[in-house]
S.K.: 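Supplied in structure tokens, the structure appears directly below.
If you read the sequence from its start, that first residue is 1, and numbering goes on from there.
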Amino acid sequence: HLRMELRPSVTPMNQRKGGITAMDSILSSAVEMEITRGDFRQELDYPFAMGQFRMVPYVMGRYTWYSRSPDESESSNDRVFVGAGLRLTTAFWKVDDSAHSELFDVHRLRHVIEPEINLFTSAQTTSRDHLLQYDEPIDEVNDITAIQLALHQRWHTKRGGPGRWRSVDFFALNIEANFFMNQPPD
């Protein structure tokens, strides 16, 4: 699978959100400055099954370019970010045909449990401190090595009546824990 996103953006400095940055001192006398940012992100993954386990190894790359830098003396106003990882998941379920409630429109319950492990590592060419900050998911990217443990749970029921039964999610509960080898700054 190949995913590609293109997110060009132009944000006047007086409309950006967030705290004070190094750029604020440069712009203190400017009323408005237009800055262009182009962000290109691609991910290549290869899902496959090994018995009851689903494995998805992946690599990703991101290139972000800015028309200006917080420090005008710096020659670089772009960043290359690369990463690789592995997502491993499986599913367990149990069906209770005796579950029934007219009040909650429940006719049979199916409880699905999906544990997931995500291993990820990455590197980048330019620290986020040397780039303008607008969108946290794009601009505040850090090179990290992490493990994410997750437990996704869903309860399905049947709704619609005889001849029109369909399965719907009745309730979902997702729990995640992230463990960093090099925790990014807040």
Side-chain angles (χ1 to χ4, degrees), residues 1-7 9 16-21 37 39-64 66 78-97 99 101 104-106 108-159 166-186:
H1 297 97
L2 180 62
R3 296 183 192 115
M4 188 167 165
E5 298 175 26
L6 172 61
R7 295 182 188 162
S9 61
R16 91 182 144 75
K17 297 177 183 176
I20 296 173
T21 66
R37 178 189 65 202
D39 183 65
F40 306 91
R41 183 187 186 281
Q42 294 77 38
E43 181 174 317
L44 182 64
D45 61 23
Y46 185 73
F48 64 93
M50 268 182 119
Q52 71 182 40
F53 295 96
R54 182 169 184 254
M55 300 179 82
V56 183
Y58 61 94
V59 293
M60 59 84 62
R62 172 176 242 154
Y63 176 75
T64 309
Y66 299 81
D78 62 352
R79 173 183 56 212
V80 175
F81 179 82
V82 295
L86 173 70
R87 286 185 287 271
L88 175 66
T89 187
T90 189
F92 307 97
W93 60 89
K94 181 174 181 173
V95 176
D96 182 359
D97 289 321
S101 169
F104 294 110
D105 196 16
V106 170
R108 179 179 178 223
L109 275 179
R110 179 176 182 232
H111 182 196
V112 180
I113 301 171
E114 297 175 314
E116 181 179 309
I117 298 174
N118 186 6
L119 308 169
F120 180 75
T121 189
S122 64
Q124 64 185 357
T125 58
T126 305
S127 168
R128 73 181 191 173
D129 300 330
H130 298 282
L131 300 171
L132 297 169
Q133 305 294 309
Y134 295 109
D135 289 327
E136 184 177 339
I138 296 172
D139 302 317
E140 293 189 4
V141 170
N142 287 290
D143 53 336
I144 61 170
T145 299
I147 297 172
Q148 180 184 58
L149 302 175
L151 185 64
H152 305 287
Q153 297 186 76
R154 290 172 303 176
W155 284 263
H156 301 275
T157 189
K158 295 280 189 178
R159 293 198 175 144
R166 68 190 187 288
S167 181
V168 295
D169 284 355
F170 177 69
F171 182 73
L173 176 64
N174 298 316
I175 302 169
E176 296 178 349
N178 298 309
F179 303 95
F180 297 96
M181 307 314 159
N182 54 342
Q183 175 116 18
D186 290 335

S.K.: Has the side chain of Ser167 got a donor or acceptor atom that lies under 3.5 Å from a matching backbone atom of Lys158?
M.R.: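 Here the side-chain-to-backbone pair does not exist.
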S.K.: Which residues pass the salt bridge (charged side-chain N to carboxylate O under 4.0 Å, His left out) test with Asp105, sequence neighbours left out?
M.R.: Arg159
S.K.: Using side-chain contact (heavy atoms from CB on, under 4.5 Å), reason through Phe120 and Arg87 one step at a time and then give a plain yes or no.
M.R.: CA-CA 9 Å; Phe120 180 75; Arg87 286 185 287 271; over 6 Å; no
S.K.: Taking the side chain as every heavy atom from C-beta outward, state whether Leu88 and Phe53 have any pair of such atoms under 4.5 Å apart.
M.R.: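 Leu88 vs Phe53: side chains touch.
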S.K.: Locate the shortest heavy-atom distance separating Leu149 from Phe179; write the atom from each residue and the value.
M.R.: CD1-CE1, 3.7 Å
S.K.: Among all residues two or more places apart in sequence or in another chain, which pass the side chain to side chain contact (heavy atoms under 4.5 Å, CB included) test with Phe48?
M.R.: Tyr46, Met50, Met55, Pro57
S.K.: Go through Tyr63 and Asp39 one step at a time and tell me if the side-chain contact (heavy atoms from CB on, under 4.5 Å) criterion holds.
M.R.: CA-CA 6 Å; Tyr63 176 75; Asp39 183 65; over 6 Å; no
S.K.: Would you call Leu109 and His156 a side-chain contact if the rule is heavy atoms closer than 4.5 Å?
M.R.: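 They are not in contact (no side-chain heavy atoms under 4.5 Å apart), so the answer is no.
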S.K.: Below 4.5 Å, heavy atoms only, C-beta onward: do Gln153 and Glu114 meet side chain to side chain?
M.R.: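 Answer no - side chains too far apart.
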S.K.: Quick one: does Phe81's side chain get under 4.5 Å of Met60's, heavy atoms only?
M.R.: yes
S.K.: Are the side chains of Thr64 and Arg37 in contact, using a 4.5 Å heavy-atom criterion?
M.R.: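 Yes, their side chains come closer than 4.5 Å.
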S.K.: Could you list the residues that satisfy side chain to side chain donor-acceptor pair (under 3.5 Å) with Thr121, not counting sequence neighbours?
M.R.: Thr145
